[in-house]
Amino acid sequence: MPPRLNILSLARAIPYRTKPQTQWLPRPAIRTATPQFRAYSDSKEPQPPAADRSTRIDAKPLPHVSEEAAQMAEITGTEGPDINQGTPVHEIVKGDKEAQEKLPKVMKDAIKMESNSTPSGTRSYSTMVTPTGGSGGFDMGLVNFDPPSAPTIPGLKFDMPTLPLPKDGHVKHRYDPMVDQVTNLLMRHGKKSIAQRDMALILEHLRTSSVPTVNPNKPLVPGAPPPSHLPLNPILYLTLAIDSVAPLFRIRSQKGAAGGGMALQIPVPLGQRQRRRIAIQWILKTASGKRHTGSGKGSYAQRVASELVGVVEGRSSVWERRSAIHKLGVSARSNIVLPRKR
Amino acid sequence: MPPMPPVPPPLCLKGVRTRLAVPTACFSTSAARFANPPPKRKGTVAPPKRGTRTLNVKKGKSGFTQDTGKRPVQGERRAQRKRIVLTNDNALEVPSLKDLSRSNALDAANEGRVMGFPADVVDALRAVDAFKPTQGWSLFRRPAALMRKETMQLVGLMKEVEGAAKDGQQRKTIRRVLSGDRMSGKSTLLLQGLAVATLRGWVVVNLPDAQDIVNAHTDYAPLPKSSPPQYTQDTYTANLLHQILKANGAILEGISVTTNPKLPLPLPANPTLKNLVELGMVNPEVSWPVFTALWQELLQPGRPPVMLAIDGLSHIMRESEYMSAEFTPIHAHDLTLVRHFVDHLSGQKSLPNGGVVLAATSRSNAPTSPALDHCVKVAEALQNSPDNLPRWDLYRNVDGRVMEVLKGLQDPKTTDLDVIQAGGLTKEEARSIIEYYAESGMLRHQVDDGFVAEKWSLAGMGNIGELERASVRLRM
C-alpha cells in the first residue's frame, strides 16, 4: 500500500477546515468544541459555509487535503488515501513553518506544548514543606507514594489490586471484629474515642497481668492455646474469654402458649455475633459492679480487664449465668415444635 | 388657706390606730416578713435542671447503671496514680539488649542502639523519681532506652566535662534546657542523662517535678536574715536529701566533711557526707542549712562532678502558689531551692568540679511563662535559622526576673547555656526501637522498611511518643 499522502509534492498552502463554521459573527470566532446547545434560529443540520452552497464550480473552495488527493488519485487511476480516516494534520504540517503559521490557535498551542514540555516560568515562592523536627531531612515518609501509572489493562482507570486483599484493607473493617464489637458496647453517649481508650487500657491490662491458670471445671473453647501464650496476644485473650462464656441460645417466652396464662419458654439459637454480644454485656455488667481500685480514666477498664481474667480462670459469676441459661434450655427443648418431616 | 390634714401620730400604736378615724400606714415591713409563705400550688413542679440526676425508677434494660461498684479506700487512688511499674513478666527477654556500663556509657558507638539500664542504676533512678507513670516502662521486661542523637549530644557534653579535668584546669559547667514537641522524649532524655551520670560516679541531684516545689502543698517558712525575704521548704528539702542519699549513698559515704559547717545540731565525730545528709533528713527544721553545707562540700576540690536536673521548668519560671505575709504571691525564684537551681542555670554560680545543669521543659503540663517560651524560641532559632530570630511581643507582660535568668539563652556561645532540641527520630533509630518492641513480644508484626516507614510517618516524622503509641499501645 502506498503512503496515503505525498507530503513533498504539496507546493501550496493547505486550506485546512476544522469543522463547518456558523455564519453569525457575535459568537466567538474560535470554537474549540462543538456547542452543547442549538439556538432556535439554527437549522437542525449543521450548515456548510456559504461558499460551499454556491452552484458555480470555480467559486467552490478546494476540497480537503485528503479529499483532493483522493480525487486526484481517482483521475489518475491510482490508489489514493482513504477518506474515511481522518487527515493527520500534524504529520502534514510537520517541518512546514509556513503551514504551521496558518494553523488554528489551538493546534499551534498544542505544537508549542509538545516542543517544550517544561513550564517556562519559575515560581517566586517555594511550595516545599519544611520539617519542624530536628531530623533534618526533607523526607516526609510517605509510604509507597508513586503517582498512579497508566494501567496495563485497557479500560481500567487504576491498576488491578493484588489479591487477596489485606485484612485491614477496608477502612471500616480494619480492626479485629471482636475488638470492634467490644469497643462499641463499651461506648456510652456515643463517645467512641473514650471507648477506644478504654479498650486500649483493657488490652494493656491483659498483656501485663500474669499468666492465667485455667480451671478444668470451666473449660474454655476447644482449640484454645496454652494459657502462657495469652498475655502476649491480648486480642486472642479477649476473644477466648468472651467466646468461652458466650451462651449458645437465648430463651424466648411465648406468651399464652403454655396455657393458663403461662408463657412457654422456647430456646432460640443465636448467631456468633449475637452470642458474643450477650457475653460482653454480662461481663461489662459484672465489671461495673466490682469494687473500684483506682480512680480516673482507667478505673472502669481495669475492672473489665480483671473480670476478663476472672472469666478465663473460671472465677467469674458469668459462668453461672451461662450454665443457668443452658440448663433452662435443656429443660425447655421439648417446647420446640419442629415441622413434621414428610 | 385649706384646712390642714390630720397630723399622723408620732408613735404607731395599735390603740391609737383604732381610735383614730383616718387609717394611716406606718412604715413597717415586719408584717410582710413574718407572714407565712404563700402555699405552693400543687402539681406544678419545675422540671429538673439540665445535668442534674433524677431518680430513674424504671425497671428493665433501659435503666443502665455503669458504676455501681464501691469507691476505693482513702489513699488508694493516689497510690494507683503514682504507681510506677518497671517490669512486665510476660514480655520476652531481649537477647540482643546490652546494658549501659561505666565503661561504655560515654561510647559514641552506642548511637542508635537500645541500651538497658543495670539494676543499681534503676534503683538510683527510682530513688530520684526519674521514671514517670505515663511512660511505657510497664510494658517491657526491664527498663531500656534508645540512645538517640540528642542523647549522644548530651553524653558528649558530659564527656567534655569529665575530660577537661585532665588539663588541670577548673572543670566546665554546662547548662542545657531540653526543648521539643509534646511526647518527643524530653523527660526520657533527662532520665538518660541521670543514668549516665550515675554510672560515671557523679553526684545526682534531681528535682523530679517542678510543680511539686511551687504548688504550695508543702510547708514553707521565711529564711532568717534574708532580704528581700526568701522562703525555705523544710519538709520538701528533707525529702530531697533523702532522695539524694538513696541515689548517691556510696559516693557520699566515701567523702568526709572538711568545711566544718555551722549547724544548729551537732554532727557525729569524723562525719562523712552521709552523716551530714542523714542529719538533715531526720530533722526537717535544719534541712536547708544541711543542704547548703552539703553543696559547699561538693564544691571542694577533688569531689565528683554534679548532675543537677529539673523536670517541668516552666513551673518555676513564674510566681508560685505560696503567699507572703503581705498576702502577695511569692515569686518562685524567692524559694530557696528554686533560687539554688536557677542560680546554677543562669550561670551566676558554677560548679568547680564540673557538672551539667539540665532543665527539661514540658508541653503537656506547662503553665504559661512567656519569658521562658520566648527565650527557648530564640535559642532554637539561633540553631535553626539565625537570620530570622523571633522578637518579643510588646503586648505581653514580661517577667523581668525570668528574663534575667534566661538571657544566656540568647547568647549561647559566651554563656554556655543552650537548648537541646528533642526532635523526631531518624528512620534508622525508629527501626532500632521498633525491632526492640518486636523482640520484646509487644509488637506482633514483621519489621521491614515499609512497616518502619509507615509507623515513622504515622508518628509525625518520628516523634518517639507517638511511635510508641502507634506501634506498641493497642489503640484502635
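Keep in mind that what you see is a predicted model, and the values were worked out from it rather than measured. Just so it is clear: chains get the letters A, B, ... in the order the sequence lines come, proteins before strands, and each one is counted from 1.
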- Task: Heavy-atom distances under 4.5 Å only: say whether Q196(A) touches chain B with side chain, backbone, both or neither.
- Result: both

- Please answer whether the main-chain N or O of P72(B) pairs with a side-chain N or O of R291(A) as donor and acceptor at a distance below 3.5 Å. no

- Note on the structure: Sorted by chain and number, sequence neighbours left out, side-chain hydrogen bond (donor to acceptor under 3.5 Å, both in side chains) with Q211(B) holds for N365(B)

- Does CD in Q74(B) sit with more than 12 non-hydrogen atoms of other residues, nucleotides or ligands closer than 6.0 Å? no

- May I ask you to check whether over 12 heavy atoms, not counting those of R469(B), lie within 6.0 Å of atom CZ? no

- Do you know which of S193(A), P234(A), S228(A), G298(A) has the most heavy-atom pairs with chain B at a distance under 4.5 angstrom? S193(A)

- Message: With a sphere of 6.0 Å drawn around NZ of K132(B), does it hold more than 12 non-hydrogen atoms of other residues, nucleotides or ligands?
- Response: yes

- Whether N90(B) side chain and S209(A) backbone form a donor-acceptor pair below 3.5 Å: yes

- Query: Which bit of V85(B) comes within less than 4.5 Å of chain A, counting heavy atoms only: side chain, backbone, both or neither?
  - Reply: neither

- Query: Quick one: what part of N88(B) sits under 4.5 Å from any heavy atom of chain A, side chain, backbone, both or neither?
  - Reply: side chain

- Item | NE2 (H189(A)) with more than 12 external heavy atoms under 6.0 Å | no

- Query: Quick one: what part of R444(B) sits under 4.5 Å from any heavy atom of chain A, side chain, backbone, both or neither?
  - Reply: side chain

- Message: Does L92(B) form a side chain to side chain contact (heavy atoms under 4.5 Å, CB included) with L232(A)? I'd like the steps, not just the answer.
- Response: CA-CA 9 Å; L92(B) 305 176; L232(A) 278 179; 3.7 Å; yes

- Separation of Q302(A) CD from Q80(B) CD (nearest 0.5 Å): 6.0 Å

- Task: Could you give me the CA-CA distance, side-chain angles and deciding distance for L139(B) and E204(A), then say whether side chain to side chain contact (heavy atoms under 4.5 Å, CB included) is met?
- Result: CA-CA 8 Å; L139(B) 290 172; E204(A) 201 173 309; 3.8 Å; yes

- Honestly, the part of I235(A) sitting under 4.5 Å from a heavy atom of chain B is side chain

- Message: I'd like to know whether CZ of R277(A) has more than 12 heavy-atom contacts from other residues, nucleotides or ligands below 6.0 angstrom.
- Response: no

- Note on the structure: Cut-off 4.5 Å, heavy atoms of chain B, and the answer for V211(A) is both

- Item | For the student: nearest non-hydrogen atoms of L474(B) and R207(A), plus distance | CD1-NH2, 3.8 Å

- Where on R197(A) is there a heavy atom nearer than 4.5 Å to chain B: the side chain, the backbone, both, or neither? both

